[in-house]
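Here the structure is laid out as structure tokens; the discussion comes afterwards.
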Protein chains: 2
Amino acid sequence: MLTYSFTDIGPDSLYMHLYKCIKNDILDGKLEPGTKLPSKRAFAKNLGISSITVENAYGQLLAEGYIFSLQRKGFYVTELPRVMEKAQEEDTKKNIKCHALDENETLNGICDIDLVSNCMHHDNFPFSIWARLMREVITGKSSALMQKSPWGGIMELRSAISLHLKQFRNMEVAPEQIIIGAGTEYLYGLIIQLLGYDKVYAVENPGYKKIAQIYKANNVACKYIPIDSSGIIVDELKKRGADVAHISPSHHYPTGIVTPISRRYDILGWASSGSSRYIIEDDYDSEFRLAGRPMPALQSIDVMERVIYINTFTKSLAPTIRISYMILPKRLLELFYEKLGFYSCTVSNFEQYTLAEFIKGGYFEKHINRMRNYYRNIRNELMKRIKASPLADKCEISEEEAGLHFLLDIHTDMQDEEFIDICRENRINVSCLSQYYNEDKDDVDMRNSIKQHTLIMNYSGLKYDDIDTVIEILCRVIGV
Amino acid sequence: MLTYSFTDIGPDSLYMHLYKCIKNDILDGKLEPGTKLPSKRAFAKNLGISSITVENAYGQLLAEGYIFSLQRKGFYVTELPRVMEKAQEEDTKKNIKCHALDENETLNGICDIDLVSNCMHHDNFPFSIWARLMREVITGKSSALMQKSPWGGIMELRSAISLHLKQFRNMEVAPEQIIIGAGTEYLYGLIIQLLGYDKVYAVENPGYKKIAQIYKANNVACKYIPIDSSGIIVDELKKRGADVAHISPSHHYPTGIVTPISRRYDILGWASSGSSRYIIEDDYDSEFRLAGRPMPALQSIDVMERVIYINTFTKSLAPTIRISYMILPKRLLELFYEKLGFYSCTVSNFEQYTLAEFIKGGYFEKHINRMRNYYRNIRNELMKRIKASPLADKCEISEEEAGLHFLLDIHTDMQDEEFIDICRENRINVSCLSQYYNEDKDDVDMRNSIKQHTLIMNYSGLKYDDIDTVIEILCRVIGV
């Protein structure tokens with residue numbers, strides 16, 4: 001293992017010293033590109049320092065682009081661009097930083113094809129329009145920008161969203177029902193504050209793990225409810241005493257299941273038959289339904305006012321613009337303002353006004369249409385080449401009609417974990433359906449029902465040029 | 001009371017119909033400027049509709065500038081600018097909107113001098129620099145803007161804040177300890193998730209009411225702890241079983257008390273003597289200490305790592321830019337990432353990078369210095385004119401050395417509530433110290449200790465031109 005001396009380190013803090021040692025070894029070539037760095041704990045033990053010190057040093061190296069991380073695998077040395085090698089050390093640092101940040105090539109250069117994260121290439125964001133609208137907002141609305149936003153968000157944005165929902169999703173929603181917040185995670189927390197800490201919140205199993213983590217971090221009871229081919233199982237909601245069901249009927253993640261209309265009415269029926277029952281309808285991906293007719297939102301067939309609808313611009317516009325919204329049923333509005341009306345809106349006025357202009361000017365619709373085409377082309381190409389490859393006999397594609405991923409059932413005897421590890425050694429980050437199940441150790445049926453060998457092919461960050469590499473590596477991993 | 005018919009309202013929703021009726025009466029002059037509209041509940045009952053419908057109609061009128069609200073008083077008809085009266089109805093609507101938003105004059109035109117809210121006149125925000133930096137960020141960092149921010153915020157911003165704290169507040173803080181979030185209210189919620197829902201959180205009494213509201217909304221035990229002339233009383237923290245003390249030792253709101261160093265050590269001693277005790281140091285106003293030497297932050301004399309420091313740019317830069325930060329002691333970092341590391345940062349990359357450049361370029365320091373001068377001049381002028389007015393014999397000024405308000409003890413027999421009401425009838429929004437006490441009905445000592453007749457003169461939104469009006473009206477109200 002790497003060993004550095006911590007005597008005579010001068011005025012530097014421990015982490016700064018460690019950071020400099022590692023950086024020098026990278027720049028000198030002693031640590032070669034792709035080298036895995038020791039785990040934080042082991043390294044800390046070896047050096048006799050705290051693991052936070054190692055974490056801080058790694059954090060700094062990461063921020064400056066000297067190393068990169070693979071989820072659950074660890075930290076690796078980045079391949080520095082050739083032109084850098086001759087440059088002065090100080091310049092190098094600066095250049096690498098620019099390179100890593102501005103070209104987004106350093107990581108991908110040596111491998112990193114990511115089929116797990118939701119990413120977006122910067123070519124796809126309408127920077128010039130956004131910059132122009134931001135400039136117009138700053139020069140034209142200086143006073144409004146300095147006035148406290150209403151708690152639910154500025155009316156211009158809420159009206160624009162209301163109109164968009166009418167045109168795009170055929171939803172009738174008053175602007176007053178729309179509440180703006182800095183990301184869906186924040187809004188989930190607000191909903192708990194609104195509906196109560198004594199309620200039992202139910203999430204889909206399998207499902208997006210973060211949702212359960214948020215309920216747990218907020219100290220409320222959270223139950224995992226199994227799904228069948230139509231979505232969440234209503235009898236299980238009853239059996240497990242759920243009060244609030246958090247579901248994604250339009251496009252379940254990661255199975256892609258679209259809940260049919262009959263099940264939707266069953267779920268609404270369940271909600272209507274208890275006075276404290278509510279449904280949180282997470283419609284996160286509805287803009288990117290690439291085939292088939294869109295289902296009406298639960299919210300729009302909910303005459304009993306039991307549905308809280310949630311959607312976000314972080315998925316449809318850019319992951320780093322933190323604007324999401326929820327639609328409260330009118331019966332909850334009074335309680336919402338009474339209980340939580342003292343809060344301030346979490347999104348800056350600058351971005352609220354810019355987004356309002358972006359939607360009103362028709363740019364959002366154009367952006368969505370362009371991205372749908374872009375994603376459709378990537379998806380079609382990826383599926384076409386899989387079907388034309390040796391992989392074709394060793395896999396089946398399913399659930400290809402919704403969202404920004406499809407499922408790939410692979411014929412292999414490998415355990416999923418091993419499969420994922422080997423892919424990562426080959427520089428592809430993939431995930432499997434089995435990872436999205438909550439492992440309820442007491443529930444043998446559940447454990448037996450976990451489907452193995454199903455890859456989740458999230459192509460939202462995949463580039464054309466990488467498609468062949470993906471297929472090649474998958475072939476190699478399963479040995480065809 | 002106003003009465004409108006709800007038969008034959010055509011395709012309009014109820015609220016839209018009500019909104020149009022009131023708007024027409026305002027435009028026709030039937031409802032005169034300054035007229036108080038009926039309370040939502042009473043109006044709803046009278047019209048036989050729900051109070052949410054009335055709320056929505058009022059909300060729309062408010063957003064378009066036809067009416068304005070006074071806290072706890074109700075809604076009033078705005079004085080429409082004379083030039084508007086002849087314009088076409090459709091244009092009027094648009095113009096009023098622009099007028100209300102762009103000139104910020106409509107409300108002030110008929111009265112509204114606000115000595116309660118923290119506001120900022122748009123002349124004081126450095127729009128051109130902000131716009132330029134935002135443009136540079138958008139053109140120069142397109143890829144970084146699309147990359148997920150680390151959970152604690154982008155490193156550039158955290159490093160810039162770290163350097164600023166070193167220079168400005170003599171605080172030694174590693175960037176990794178700094179966690180960025182969309183407003184202090186959001187960060188308080190995170191701290192609860194971090195420290196636990198089983199802890200007892202203590203707030204100052206009197207104090208900023210919103211803090212207690214947030215703890216209650218998050219379903220944790222919240223105790224009110226009395227303060228004396230040095231700040232929070234440590235024996236009371238012990239007596240009431242507090243685990244976490246949420247305090248503002250550098251500038252207590254609203255009394256302006258600065259906790260002396262000896263009490264600071266007492267508080268740190270209290271925190272160190274229990275394994276789950278922590279201090280939340282709310283340093284919200286430290287940039288605007290206008291006189292005297294700044295006290296060191298509790299955070300910087302805390303060797304036992306018991307202090308979580310919180311500060312915000314919403315107060316020092318602009319209320320509508322939602323960027324705040326907290327500094328975690330290193331011992332909590334590991335737990336923070338372990339328990340809450342799955343969350344996403346709530347502030348958009350666009351604003352994080354822009355603020356980082358704003359601080360790094362020295363603009364933040366310039367802005368603070370400029371605003372300190374601006375506020376100092378307003379404060380000095382306000383105090384000078386009070387001292388030269390008939391008010392001088394009827395009041396004492398105290399705590400003038402800290403923050404953006406001072407206290408004015410008025411000689412009057414009026415109850416505070418009556419005093420505030422009469423001020424508002426005269427179009428000045430003021431608040432009194434007595435409003436910041438939590439009324440603990442069982443605690444007779446506490447109730448008896450509530451100080452009457454002390455106005456909180458928050459001059460952060462006061463304009464030079466309004467100073468004489470303020471004094472004139474105060475004189476009239478107390479009859480000199």
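Chain naming here is simple, since letters A, B, ... match the order of the sequence lines and numbering starts at 1 in each.
- The shortest distance between side-chain heavy atoms of B:Trp130 and B:Leu317 falls below 4.5 Å.
- Contacts between B:Ile154 and chain A at a heavy-atom distance below 4.5 Å are absent for every atom of the residue.
- Heavy atoms of A:Pro150 lying under 4.5 Å from chain B are absent altogether.
- Of the listed residues A:Ile214, A:Thr139, A:Ile321, A:Ile52, the one with more heavy-atom pairs under 4.5 angstrom with chain B than any other is A:Ile214.
- At distances below 3.5 Å, not a single donor-acceptor pair connects side-chain atoms of B:Thr346 with backbone N or O atoms of A:Ala182.
- Between the side chain of B:Thr354 and the backbone N or O of B:Phe350 there is at least one donor-acceptor pair closer than 3.5 Å.
- Scanning for salt bridge (Lys or Arg N to Asp or Glu O under 4.0 Å) contacts around B:Lys40 gives B:Glu55, with sequence neighbours left out.
- Only the side chain of B:Ser51 comes within less than 4.5 Å of a heavy atom of chain A; its backbone N, CA, C and O stay farther away.
- For a residue to count as touching a neighbouring chain, one of its non-hydrogen atoms must lie under 4.5 Å from one of that chain's; by this rule B:Leu340 touches chain A with the side chain only.
- For B:Val347, the part lying near chain A is the backbone, with the side chain staying farther off; criterion is any non-hydrogen pair under 4.5 Å.
- Heavy atoms of other residues, nucleotides or ligands lying less than 6.0 angstrom from OH of A:Tyr208 number 12 at most.
- For A:Ile323, no part lies near chain B; criterion is any non-hydrogen pair under 4.5 Å.
- Between A:Met134 and A:Glu351, some side-chain heavy-atom pair lies under the 4.5 Å cut-off.
- For B:Phe125, the part lying under 4.5 angstrom from a heavy atom of chain A is the side chain only.
- The choice from A:Glu334, A:Gln352, A:Lys330, A:Gln213 that makes the most heavy-atom pairs within less than 4.5 Å of chain B is A:Gln213.
- A donor-acceptor pair is defined here as one N or O able to donate and one able to accept, closer than 3.5 Å; no such pair exists between the side chain of A:Glu156 and the backbone of A:Ala356.
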